[in-house]
Amino acid sequence: MTRLKLGDYLVDSRLLFERKTLPDLVTAIITGRLFTQALRLAATSLRPAIILEGTVHDLAESSMRWESIQGALLTVTLFCGIPLLRTRTPEETVRTMLYAARQGQCYATGALPRPGYRPRGKQTRQLFILQGFPGVGPGRARRLLARFGSVEGVVRAGTEELRSVHGIGKGAAEKIRWALEEPPAQYS
């Protein structure tokens, strides 16, 4: 462990966290230290964030109005550009920092989760995959899966076998085969 010039925790050599309990937040607002820290965090080449730790009960003895706290947090997030993370306990703070490090590693390798619908269950996923083929909607996907039993069965089926499925004509069968076949040798 080493003392940092800025922030409380440096995680994975790229994420810099400033941890504040809610009573410490109130003190930092009153003294102006919060804004000085936020500006310094915004100027770093690291990915900074402020973690606010605690519950509303921790502010019960504070004489500061909620509007003042909210105004300070708006300044820090919107105008200084520092993300604000909320946790309730020290244990949750540690878990949040570790989770952020794992997410950062995924981001660094380009392995971000794809947005959108995520089917659950094997059959739902297989139907989802089949609907990715040209001209295959939900109805055709269900009929293909019923006839061939799996995505692999559909992939192995020839044009004539695909045409044996109700609603799949010559054009649809050829489009499916076109999507599945390897590119011509000249593009390999």
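Hydrogens, waters and symmetry mates play no part in the numbers below; they use all other heavy atoms, side chains included. Quantities reported herein were computed from a predicted structural model and do not represent experimental measurements.
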Next on the checklist: Is there a side-chain contact between Leu145 and Val154 in this structure, where contact means two heavy atoms from C-beta onward sitting under 4.5 Å apart?
Outcome noted: no
Checklist entry - For the atom pair CD (Glu53) and OG1 (Thr93), what is the distance rounded to the nearest 0.5 Å? => result 3.5 Å
Checklist entry - OG1/Thr124 to CZ/Arg120 distance, rounded to the nearest 0.5 angstrom? => result 10.5 Å
Item to check | Partners passing side chain to side chain contact (heavy atoms under 4.5 Å, CB included) against Glu67 (at least two apart in sequence or in another chain) | outcome: Arg65
Next on the checklist: Starting from Phe79, can I reach Leu73 by hopping between I/L/V/M/F/W/Y residues whose side chains sit under 4.5 Å apart?
Outcome noted: no
Checklist outcome for this item: Taken in chain and number order and not counting sequence neighbours, the residues that satisfy salt bridge (charged side-chain N to carboxylate O under 4.0 Å, His left out) with Arg86 are none
Checklist entry - Between the side chain of Arg14 and the main-chain N/O of Ser45, is any donor-acceptor distance below 3.5 Å? => result no
Checklist entry - Taking atom CD1 of Ile30 and atom CG of Leu25, what is their separation to the nearest 0.5 Å? => result 9.5 Å
Next on the checklist: Show the nearest heavy-atom pair for residues Ala141 and Leu130, with the distance to one decimal.
Outcome noted: O-CD1, 3.7 Å
Checklist entry - Taking only residues two or more places apart in sequence or in another chain, which ones pass salt bridge (charged side-chain N to carboxylate O under 4.0 Å, His left out) with Glu61? => result none
Checklist outcome for this item: Glu160 meets the salt bridge (charged side-chain N to carboxylate O under 4.0 Å, His left out) criterion, sequence neighbours left out, with Arg163
Item to check | Separation of Thr44 OG1 from Ile82 CD1 (nearest 0.5 Å) | outcome: 9.0 Å
Item to check | Shortest non-hydrogen contact between Phe35 and Ile29, atoms and distance | outcome: CE1-O, 4.5 Å
Checklist entry - Once you round to the nearest 0.5 Å, how far does NZ of Lys20 lie from CG of Leu34? => result 6.5 Å
Item to check | Partner residues of Gln70 under the side chain to side chain contact (heavy atoms under 4.5 Å, CB included) criterion, sequence neighbours left out | outcome: Trp66, Leu74
Item to check | Path from Leu59 to Met64 over hydrophobic side-chain contacts below 4.5 Å | outcome: yes
Checklist entry - Tell me, which pairs form a salt bridge (charged side-chain N to carboxylate O under 4.0 Å, His left out) where one or both residues lie in residues 134-149, sequence neighbours left out? => result none
Checklist outcome for this item: Contacts of Thr96 meeting side chain to side chain contact (heavy atoms under 4.5 Å, CB included) (sequence neighbours excluded), chain-then-number -> Leu85, Thr87, Glu92
Item to check | Residues that Asp8 engages under salt bridge (charged side-chain N to carboxylate O under 4.0 Å, His left out), provided they are two or more places apart | outcome: none
Next on the checklist: Please enumerate all residues that pass side chain to side chain contact (heavy atoms under 4.5 Å, CB included) together with Tyr9, with sequence neighbours excluded.
Outcome noted: Val11, Phe17, Arg19, Met97
Next on the checklist: Under the salt bridge (charged side-chain N to carboxylate O under 4.0 Å, His left out) definition, can you give me all pairs with a residue in residues 30-52, not counting sequence neighbours?
Outcome noted: Asp24-Arg33
Item to check | Residue pair Leu10 / Leu4: nearest heavy atoms and the distance that separates them | outcome: N-CD1, 3.6 Å
Item to check | Check: Gly158 main-chain N/O paired with Glu161 side-chain donor or acceptor under 3.5 Å | outcome: yes
Checklist entry - Among the clusters formed by ILVMFWY side chains lying less than 4.5 Å apart, do Leu52 and Val26 turn up in the same one? => result yes
Checklist outcome for this item: Of all heavy-atom pairs linking Cys80 and Ala38, the shortest is SG-CB, 4.0 Å
Next on the checklist: What's the separation between atom CG in Leu6 and atom CG in Leu46, rounded to the nearest 0.5 Å?
Outcome noted: 8.0 Å
Checklist entry - Side chains of Phe148 and Leu162: closer than 4.5 Å at any heavy-atom pair? => result yes
Item to check | Other cluster members, Val94 - Ile/Leu/Val/Met/Phe/Trp/Tyr, side-chain contacts below 4.5 Å | outcome: Leu98
Next on the checklist: In this structure, would Leu39 and Ile50 fall into the same cluster of hydrophobic residues linked by side-chain contacts under 4.5 Å?
Outcome noted: no
Checklist outcome for this item: Here the pair of heavy atoms bringing Ser150 nearest to Gly153 is OG-N, 3.0 Å
Item to check | Residues that Arg156 engages under side chain to side chain donor-acceptor pair (under 3.5 Å), provided they are two or more places apart | outcome: Glu152
Checklist entry - When clusters are formed by joining ILVMFWY residues with side-chain heavy atoms under 4.5 Å apart, either directly or through shared neighbours, do Ile69 and Ile51 land in the same one? => result no
